[in-house]
Structure formats: structure tokens, C-alpha cells
Amino acid sequence: MAGDHVRVRAPGRVNLIGDHTDHTGGLVLPAAIDLETVVEGQRGGAEVVLRSDGDPEVAVVPLAVADPAEVAPGWARYVAGVVVEARPPEGFTGTVTTTLPLGGGLSSSAALEVALVLSLRPDLGDALSVARLGQRAEHRATGVPCGIMDQLASAGGRAGHALLIDCHTLAVEPVPLPDDLDVVVVDSGQARRLEGSPYAERAAQCRAAEAVIGPLREAPPGTEVAIADPVVRARARHVLGENARVRAAATALRGRDHALLGALLRESHASLRDDFAVSTPTLDALVGRLAAAPGVWGARLTGAGFGGCVVAVAERGALDEWGPETWWRVRPSDGATVEVR
Ligand code: GLA
């Protein structure tokens, strides 16, 4: 109701394994984390007015906004994307604060979208509806044809668990994370934006593969040999292998087989580097250093690639002295929450 004080927190996510599988309805294994975005303020009026701790420029978005991609400053496009998709009955005035690195591969944009959806449309209720709306807002704001993983992890996270998500059926199965395992996220320092990146081209190559061998989510590894184009074949090989690795990683977590989990992470990174071509020399060097550190089971780039963050799984405390990069030992956290006073 207008005038009520609303506070929404939405976490970022780290993806343990399963990258570039969600846009063909495959499997992913992310966890919501204890780095988050908070939107706080009051509903009312005919505009959404937000100040951010990440940008001096205020976002002022009328409820009747037509094209989110035209809105300035850049971060206000996400606000406009949510306004267009959520069609809130009234505006909102407040602040956005975050502990997430912006554009660092920990889903700062999905956390913002999810926090905004719940601020403007608290009636939406279930995590999947919130996530779907946030995903459509991202498409509108950036034109990047992202999958559902980031928004669903942010909206539907479970403390102490990763989420095994089937991005076709949208079934979500929480998988407990063993308490003797550290999940460490290291920032490569290489900034990246998905807009203007080859993300859309990779998604199109996956569709080209599906035109030859059918839905990638149903195809067993090896089926890709039927694809004549070597680039498209390599993209498909990554996706088929990655779906199988996600399944194996969920089993390894349940069985506390950390060595197997680590090996799967290392294979995933190699596949993203060699077959899907979304790694960078900076990410490769960082993954190499982490994977060689004592007590580390495995490491890989996390998220879309092209820069951003790397995730490592390690024995308790093994990376406590890591440097020189910024790093976080992340705790798998609950999804977004809403408080109204
Ligand atoms: C970005 C997208 C996700 C997913 C990952 C790669 O984070 O938003 O939907 O495709 O890249 O796994």
C-alpha cells in the first residue's frame, strides 16, 4: 500500500557448475550467496525514483515508460525493464544499496531486478514468477537473451544449499553443501559487460546445433559428431558435456566426494575455454593458480565468462590467505525477502 515502508533484499549468486546450459533448457547448479542488493523505500506516485550507492545519477522512471533500452543513466534501464514488465499500480521512491561487485559475474543485475520486482509487485508471490519477470526485464533492458538461472537463484535460494535447476521443466532441487567445503569466489579484476559480448552469438550457435541434432538438453554427449560445422559442433560438445557434469556434481556433493567435484569443475573450465570460447587469458591464469593451491579441489570461471569471477571449492580455510585478488568465502543463502512496515 502507498506509504508503507518496504525493504527488499535479493542475493547475488555463484554458479558452482553448469554454464551456458540454461539458454537451451539444460541443467545448472547455482547457490544464492550472502552478497546482496537491498531496495528500500515507499510506494506511491506515478514514477519510480531510486538513488543508488553505485552511481551518482538518480534513476527516474515514469510508470508509462515506453522503451527501457532508451532510458538513462545505464542502470536505470533495469528499473525501466522491471516497470514495463511488472506494470506496478503505483510508483516507488527509495534507495538501492549493494555489497555485490557490479558486472563481476555474481549476478548483480539479476539481484537488482529481483529486488525491484518484489518492491513494485509484492503480490507476485512465488520465486518462479518473480524470476521470470526479472528475466524478461533483463531482456528488455539489455537485449541480452539470458536464461533463467540468475534470477531464479536470487529469488529462490535456500540457505546451506545449492540449487539443481532443470531450466526446461523449471524443477528446483536443493542440494546440501557439505560443511567441510569452502566455496570461494575470486574477482579476476577483468570487468565485463554482457551487452556487446558474444553471449547472443553463443546462444545462436546453440540453436544452430539444435537445428541439426534436436534439443541439446536431451542429447547425450557424443551426439554432436553429427554436426558438420566445427564451431557449432564444439559449442554443442560443451553443452552436452556440461549437462552431464552438473548431474555428476550434484551426486558428488550428496556423496561428499570433493575430489570428484573438483575434477568436474576443472573439466567445466576447460570446456568453457576450449569448446565454448568464453574464457580469457586472465581467467585461465587465475583458475590455474587456484587449482594448484594446496587444499583446493577445483576451480572454474563462473557465469557468462569474458571476465568477472572465478569459483573455487576448497578444504576449510585453505584459501584464507589468498591474494592479491579480492575474494569472498560465500555462504549459500536464502533467496529474496520482503519486509513491510
Ligand atoms: C549469464 C546469464 C545466465 C547464464 C550464464 C551462463 O549469467 O544471465 O542466464 O546463461 O550467463 O551460464
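Atoms within each ligand, like the ligands themselves, are counted from 1 in listed order. If you're wondering where the values come from, they're calculated on a predicted model, not measured in any experiment.
- The side chain of His23, and not its backbone, has at least one atom closer than 4.0 Å to an atom of ligand 1 (non-hydrogen atoms only; side chain from C-beta on).
- Residue-to-ligand polar distances keep Ser107 apart from ligand 1: every N/O pair is separated by 3.5 Å or more.
- Looking at Glu85 and His139, their side chains never bring a donor and an acceptor atom within 3.5 Å of each other.
- Between the side chains of Ser154 and Arg13, no donor N or O sits under 3.5 Å from an acceptor N or O.
- Of the protein's heavy atoms, Asp150 OD2, 3.6 Å lies nearest to atom 1 (C) of ligand 1.
- The nearest protein atom to atom 11 (O) of ligand 1, hydrogens excluded, is given as Ala304 CB, 3.3 Å; this is a heavy-atom distance.
- Looking at atom 3 (C) of ligand 1, its nearest protein heavy atom turns out to be Asp22 OD2, 3.4 Å.
- At a cut-off of 3.5 Å, with distance as the only test, a side-chain donor of Glu138 or Ser109 sits close to an acceptor on the other residue.
- Residue Asp19 touches ligand 1 through backbone and side chain together, judged by heavy-atom distances below 4.0 Å.
- At a 3.5 angstrom cut-off on N or O pairs, Gly147 counts as close to ligand 1.
- Against a heavy-atom cut-off of under 4.0 Å, Tyr199 is close to the following atoms of ligand 1: 1 (C), 2 (C), 3 (C), 4 (C), 9 (O), 10 (O), 11 (O).
- Between the side chains of Glu210 and Thr24, no donor N or O sits under 3.5 Å from an acceptor N or O.
- Heavy atoms of Gln151 stay at 4.0 angstrom or farther from ligand 1.
- Each of the following atoms of ligand 1 lies closer than 4.0 Å to a heavy atom of Met149: 4 (C), 5 (C), 12 (O).
- Using cut-offs of 30° and 60° on the angle between ring planes, the pair Tyr199 and His20 is tilted.
- No hydrogens or angles considered: nothing links the side chains of Ser268 and Arg245 as a donor-acceptor pair under 3.5 Å.
- Residue contacts with ligand 1 for Arg13 involve side-chain atoms from C-beta outward but no N, CA, C or O (heavy atoms, distance under 4.0 Å).
- Listed by number with element, the atoms of ligand 1 under 4.0 Å from a non-hydrogen atom of Cys146 are 2 (C), 8 (O), 9 (O).
- In this model, a donor atom of one side chain and an acceptor atom of the other lie less than 3.5 Å apart for Asp284 and Ser279.
- Relative ring orientation between Trp297 and His258 is described as perpendicular, the plane-to-plane angle rising above 60° on a 0-90° scale split at 30° and 60°.
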